Amino acid sequence: MTCEHRSEAQAQDKPDLRPEWGILVPSIIVILLISVPAVIMPKRTEDFFTAIYNPFAANFGTLYLWITVGLIIMCFYFALSRWGNIKFGERNEKPEFSLVSWSAMIFCSAVGGAIMFWAITEPLWDILQPPQYAEPMSVGAYDWALAYLLMHWGPNAWCTYLITSLPIAYMLYIRKAPFLRISTATAPIIGTRQASGLFGRCLDVFFILGLMFCTAVTMCISLPTVAFALQSVFGIDPSLSTQVIVLIFSGLVAGFTVYKGLDRGIKWLSNFNVFLALALVIYCFVCGPTVQLFNIFTNAFGKWLGNYPNMVFWTDPWTGGTFPRDWTIFYALFWAGFGPFMGLFIARISRGRTVREIILWGTGSTVAGACLIHGVFGSYSLYVQREGILDALSILKSQGGAAAMIAVLGTLPLKNVVLLTYALLSTIFLATTVNAGSYVCASTATRRLGPNSEPDKWHRTMWCVALCLLALGLICMGGLGVAKMFGNFSGALMVLPVLLVTACWLRILKEEGGFALKYCCAPTPEEKMQDVPLPAYFADAAQARDSK
């Protein structure tokens, strides 16, 4: 069977937007089995997951640092080699979304409201329990604090997302696979029959659970900060009930936008959120100690670039310190947890873009956004503590990260305006992450979904409700430590799919790299498909199609 015949056969396949019950039902059952006990018996549920996670992190955590660096190297190899010319679409096809909207959707969907929280609180923790054997509260601790924050949110964060998107986009826009699933992208390794069989179903359920855990963790980090912001402005008690109300509001915004779809919902919300974030960053930079903030950021940026290998591979083997496990390994696992989800989402919005554009523009725009937010708010957090404007560390230790963050923002002029703007920004960041996650879950659990179709609106909205329910369970367990544990747990689940999909991309390049380059460069469909053999891992699908 030639590729021309295969394409004609696939063109006859119409989207089937009914749910794939073999994926949807097991996922919902597991979510309920976790969420309901977490609400009813939060302490016992927390102890159960802690007993599973701690031995795993202690024995395998360092391995993820090597995996992260390996993925970064591979990303830039794919971008700068001839494979960077592969285009996910026709030769003259323009990208579906503008570069600004494309970057905004990636950034907002990935970071959620967590980026503002960590920008202010992580440097405070780092000077209290510093890395690299620095003394607490010393100049060395201040020097390393922001540098590590920039490193954690640099290419380490985005390489997993971008490399995972490549084989998925290839299968969707070049091989015209009628699915948007992790299992489909693994077909080059496990075979089409396995990808569409029990193993593929288990892999997709596995993926959905990891995605929902990571998204719920982001919600658990964001919700308390919004509640404390409302307390500071209106005197509202930041209790569990307040956080649940904020959760419901965020869920409604997310549900509405995911109901509206990519172009009219998620894209619009992402663009608005980027504008709001830029406004808040510029205000803090201009109204704060501008020169000092720029100096602090420049110093940290240089320290990060000059010490990157030492920072990422530092494991503190001699003193038994927990900084690498609590932060560098935590972030490596957290990004891995989001990796397959963001890979699917980036692939869906990257029609018409090349491998080089996805990796270089994707890395450049997201790292620049993270540096901008962390450079301003991270520097400001360290500045107010060092200059004695606010004892943020005392608040951090006695009341937690959410209270410390709001106290730091409250030192800016027009405090109430800043806090209300932050509350709106965090809520929209959160809604953007939830609606992107809901969209991807619905896409994965849809029977057949072509490049130009979207899951049913009710289906997308249903996953939004499920995400909010899981977040409610984690909120009831409470605490930043619980959120970090679940983030690590989901990351540990997702590393296998990330590595499997990366191996699939390597095989695709080996067996179809020439075809992929020819496809995006040939002027006509006939020239694209002429004399291109069907890869071995598509043979089962071809035989099944020919027998019908």
Side-chain angles (χ1 to χ4, degrees), residues 57 61-72 75 106-107 110-132 134 141-162 214 217-218 221-222 296-297 299-316 321-339 342 363-364 366-379 381-382 401 405 429 480-481 483-485 487-488 490-492 494-495:
T62 304
L63 176 64
Y64 295 107
L65 303 181
W66 287 95
I67 292 173
T68 299
V69 173
L71 293 177
I72 293 173
C75 272
I106 294 175
F107 187 76
V111 303
I115 189 168
M116 291 286 292
F117 176 82
W118 294 122
I120 292 176
T121 60
E122 185 183 335
L124 296 175
W125 281 118
D126 289 352
I127 60 175
L128 187 63
Q129 300 172 345
Q132 300 291 341
Y142 276 86
D143 251 5
W144 284 114
L146 187 57
Y148 260 90
L149 179 64
L150 296 177
M151 188 269 287
H152 291 151
W153 289 75
N156 289 29
W158 311 102
C159 65
T160 309
Y161 304 168
L162 299 170
C214 270
V217 168
T218 301
I221 292 172
S222 302
I296 295 171
F297 166 73
N299 178 73
F301 189 81
K303 200 169 186 68
W304 165 41
L305 292 185
N307 296 276
Y308 174 77
N310 180 37
M311 294 168 68
V312 73
F313 285 126
W314 183 67
T315 59
D316 193 6
T322 62
F323 183 93
R325 186 188 67 193
D326 291 344
W327 294 107
T328 310
I329 293 173
F330 156 70
Y331 273 115
L333 288 169
F334 188 72
W335 302 132
F338 264 113
M342 285 304 300
T363 303
T366 51
V367 171
C371 283
L372 189 64
I373 292 177
H374 292 309
V376 173
F377 289 105
S379 299
S381 178
L382 292 173
M405 175 187 171
F429 257 135
L480 180 60
K484 291 181 69 173
M485 180 193 68
N488 288 347
S490 61
M494 288 296 101
V495 166

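Worth saying up front: this structure is predicted, and the values here are computed from it rather than measured.
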- Item | Where W335 and A157 come nearest, the two heavy atoms and their spacing | CE2-CB, 3.2 Å

- Item | Distance-only donor-acceptor check, side chains H374 and E122, under 3.5 Å | no

- Message: Could you report the tightest heavy-atom contact between C159 and L71, atom names first, then the distance?
- Response: SG-CB, 3.9 Å

- Message: Using modelled atom types and a 3.5 Å cut-off, is there a donor and acceptor pairing between side-chain atoms of T68 and backbone atoms of Y64?
- Response: yes

- Item | Side chains of L382 and L146 in contact at under 4.5 Å (non-hydrogen atoms) | yes

- Query: Quick check: does any side chain N or O of S379 sit under 3.5 Å from a backbone N or O of V376, one acting as donor and the other as acceptor?
  - Reply: no

- Query: Given side chains that start at C-beta, do those of V367 and W158 come closer than 4.5 Å, heavy atoms only?
  - Reply: yes

- Query: If every non-hydrogen atom of M405 is compared with every non-hydrogen atom of T121, which pair is closest and at what distance?
  - Reply: CB-CG2, 4.1 Å

- Query: Tell me, do K303 and L150 make a side-chain contact under 4.5 Å, heavy atoms counted?
  - Reply: no

- Task: Any chance you could measure N156, atom CG, to Y331, atom OH, to the nearest 0.5 Å?
- Result: 11.5 Å

- Query: Which word best sums up how the rings of W314 and Y148 line up, parallel for under 30°, tilted for 30 to 60°, or perpendicular for over 60°?
  - Reply: perpendicular

- Inter-residue atom distance L149.CG - F297.CZ, 0.5 Å rounding: 10.5 Å

- Is the closest side-chain heavy-atom distance between T366 and Y161 below 4.5 Å? no

- Query: Once you round to the nearest 0.5 Å, how far does CD1 of I296 lie from OH of Y142?
  - Reply: 9.5 Å

- Are the side chains of Y308 and M151 in touch, meaning some heavy atoms are under 4.5 Å apart? yes

- Report yes if the distance between the aromatic ring centroids of W153 and W304 is under 6.0 Å, otherwise no. no

- Interatomic spacing from CG in D326 to CH2 in W125 - rounded to 0.5 Å: 9.5 Å

